[in-house]
Amino acid sequence: MARTCLAVVLAAGDATRMKSSKSKVLHTVGNLPLIAHVTRTAAAAGVSKVALVVGRDAERVTEAASAGVDVPVTPVEQTERKGTGHAVLMAREIIAEGYDDVVVLYGDAPLINADSLLAATAERARGADVVVLGFRAADPTGYGRLVERDGELVAIREHREASDEELAIDFCNGGVITFAGQEAVSLLEAIGNANAKGEYYLTDIVEIARARGLRCVAIEAPEQDMMGCNTRAELAEIEAVWQARARHSAMLSGVTMIDPASTFLSFDTELGPDVMIEPNVWFGPGVRVGAGAVIHAFSHLEGADVGPGAMIGPFARLRPGTELAEKAKVGNFCETKKASVGAGAKINHLSYIGDAVVGAGANIGAGTITCNYDGQNKHVTEIGAGAFIGSNSSLVAPVRIGDGAYVGSGSVITMDVPDDALAIARARQETKPGRAARLREKIAAIKALTNKPRS
Ligand code: UD1
Ligand code: CA
């Protein structure tokens, strides 16, 4: 029978060192709040429920933690910060619902891996009562040390309370502790606060469990997985690790990145096989790119669906609602927004195409602007299949350019153009023979007069 597991996620910290106007766990990595990384990983590891211990920004934190997570997330409030042991006990009633395992996770450590959580529950299934995820710290300063004897964990000693001998241990508590659900409430209630910080340390659970004849073990996870975020500098370090992982898995799935380090991905970026990405490309949330598309350098994409074989950039900006069909092109210094662009259509240079539908094979000349906003409302521009829009045209929406229609360069189009029609909407040219030469003579004469030395 499958085991049931409750995740208790701690997210009540004040996070003063972030110097932020919002809760630390709302800051993002890969454009997803830290807390959402943690709850998604817990869900991926198969937990049945998440108890979310919240303090500051409780509502927004709960919303971010629940979005896109298919297990229930129940917030419980910790009004005072009295330590990790106290924080977990805020979920007492939920723990008492009865789960085989309870796993404690930190909301500010988003790199934790579902496999590590599964390894911990596997140890529980083999009979350990408390399982601690540890890591070998390059610099163990500040971490709780894992004190082991004969393959069992005998204590977690917080840095401030550790003896010199214990301080020499580099195997540290990563903060993820899994323990027997049946014993959980009673173990947590036995935790006191007689220590250097006057806090209820969750880590005391190990010695308390052992005193009751229960078995505790530590298992090792990579140090990177346990990185926590206390400052903006650490946030950037975590982002770097997350990006490196996301890029690596994209490349293994068949994406070419010429300069991976300058490619920024979001948590939900979907890149098809044989996609080619040049340096300095930013993928905001909600981007999907079809097979074989090329994203040239310095492009910025967000909320865009890019069809197979499409070509983007260099220096293109695709904003939300952009849908490009197969082999469409959006070239340099073009911006698109809420624009559906048909197969093989070309928007190659210096254009803004917003609130628009562009038919297959249409050619949008350089500098074409859809005038979609009248100061009050947004209006739609329709451009038919195979239409040709001459350079430097303004299409004043709402307006429709028919299939196969032709718009002369420099036009300001305010009325619909039927299929296959030609529309020219600009002042008629006047040409005056010889006038340029005469103008030049006049200017020269004036110059000669004014430059004459005074007598
Ligand atoms: C904790 C561990 C330490 C471990 C380290 C790993 C304890 C006593 N110590 O230390 O062994 O090596 O994490 O990073 O558990 N929180 C609350 N409410 C509270 C207190 C904390 O929600 O009352 C949250 C914090 O926001 C944070 C997490 O719990 O996300 C950990 O608390 P923190 O004070 O950072 O613990 P450390 O001193 O780092
Ligand atoms: Ca910490």
Side-chain angles (χ1 to χ4, degrees), residues 7-18 20 22-27 33-35 37-39 50-58 61-62 65 75-91 103-112 116 130 132-147 153 155-162 166-167 169-177 179 187-188 191-208 216 218 220-221 223-231 234-235 237-238:
V8 179
V9 179
L10 305 189
D14 303 321
T16 36
R17 285 193 287 156
M18 287 293 280
S20 177
K22 64 181 180 193
S23 161
K24 158 165 78 177
V25 298
L26 291 173
H27 287 261
L34 299 178
I35 191 67
H37 283 272
V38 177
T39 51
V50 175
L52 185 67
V53 182
V54 290
R56 191 176 175 187
D57 293 332
V61 170
T62 306
V76 291
E77 215 188 325
Q78 186 192 28
T79 44
E80 273 179 295
R81 272 200 93 192
K82 293 184 177 175
T84 47
H86 178 260
V88 177
L89 254 188
M90 298 298 105
V103 56
V104 176
L105 298 161
Y106 293 166
D108 61 358
L111 297 175
I112 186 70
S116 299
V130 178
V132 175
L133 271 193
F135 65 99
R136 300 277 164 197
D139 174 12
T141 310
Y143 292 112
R145 307 302 207 281
L146 301 182
V147 185
L153 183 65
I156 305 177
R157 195 73 69 222
E158 289 306 298
H159 188 100
R160 292 173 195 235
E161 277 92 18
E166 288 163 341
L167 285 177
I169 299 172
D170 72 343
F171 194 28
C172 296
N173 172 23
V176 178
I177 304 184
F179 43 94
L187 289 172
L188 291 166
I191 294 174
N193 66 348
N195 53 48
K197 275 169 106 179
E199 283 189 359
Y200 295 85
Y201 290 166
L202 173 63
T203 45
D204 285 351
I205 199 170
V206 171
E207 280 168 294
I208 293 166
C216 306
E220 194 180 332
E223 179 167 12
Q224 272 191 343
D225 290 18
M226 318 243 77
M227 285 170 81
C229 173
N230 300 297
T231 62
E234 286 173 357
L235 182 65
E237 284 172 34
I238 292 171

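Read the numbers this way: they start at 1 and go in the same order the structure lists the ligands and their atoms. One-based numbering along the sequence shown.
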Evaluate the side-chain proximity of [Y] to [X]: yes if any heavy-atom separation is below 4.5 Å, no if none is.
{"X": "Lys82", "Y": "Asn193", "answer": "no"}
{"X": "Tyr106", "Y": "Thr84", "answer": "yes"}
{"X": "Asp57", "Y": "Lys22", "answer": "yes"}
{"X": "Met18", "Y": "Asn230", "answer": "no"}

For [X], counting its heavy atoms only, list the atoms of ligand 1 lying under 4.0 Å from any of them.
{"X": "Asp108", "result": "27 (C), 30 (O)"}
{"X": "Gly13", "result": "22 (O), 26 (O)"}
{"X": "Thr84", "result": "7 (C), 8 (C), 15 (O), 20 (C), 21 (C), 29 (O), 31 (C), 32 (O)"}
{"X": "Leu10", "result": "22 (O), 24 (C), 29 (O), 30 (O)"}
{"X": "Gly144", "result": "3 (C), 4 (C), 11 (O), 12 (O)"}
{"X": "Tyr201", "result": "8 (C)"}
{"X": "Thr203", "result": "7 (C), 8 (C), 9 (N), 11 (O), 15 (O)"}

Just let me know how Gln78 lines up against ligand 1, side chain, backbone, both or neither, with a heavy-atom cut-off below 4.0 Å.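 The part of Gln78 near ligand 1 is the side chain, not the backbone.
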Between Lys24 and ligand 1, which part of the residue brings a heavy atom under 4.0 Å of the ligand: side chain, backbone, both or neither?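 No part of Lys24 comes within reach of ligand 1.
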Could you tell me whether [X] and ligand 1 have an N or O pair separated by under 3.5 Å?
{"X": "Gly83", "result": "yes"}
{"X": "Ala12", "result": "yes"}
{"X": "Lys82", "result": "yes"}

side-chain contact (heavy atoms from CB on, under 4.5 Å) evaluation trace for Cys216 with Val132: CA-CA 8 Å; Cys216 306; Val132 175; over 6 Å; no
Less than 3.5 Å apart, any donor N or O on the side chain of His86 or Gln78 sitting next to an acceptor on the other? yes
I need the Thr79 OG1 to Met90 CE distance, nearest 0.5 Å. 7.0 Å
Nearest to atom 5 (C) of ligand 1 by heavy atom, Asn173, Ile156, Leu105, Val8: which? Asn173
Let me see the working for Thr141 and His159 under side-chain hydrogen bond (donor to acceptor under 3.5 Å, both in side chains), right down to the final yes or no. CA-CA 7 Å; Thr141 310; His159 188 100; 5.4 Å; no
Cation-pi check for Phe171 against Arg145: NZ or CZ below 6.0 Å from the six-membered ring centre and within 45 degrees of the axis, yes or no?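 Checked: cation-pi criterion not met.
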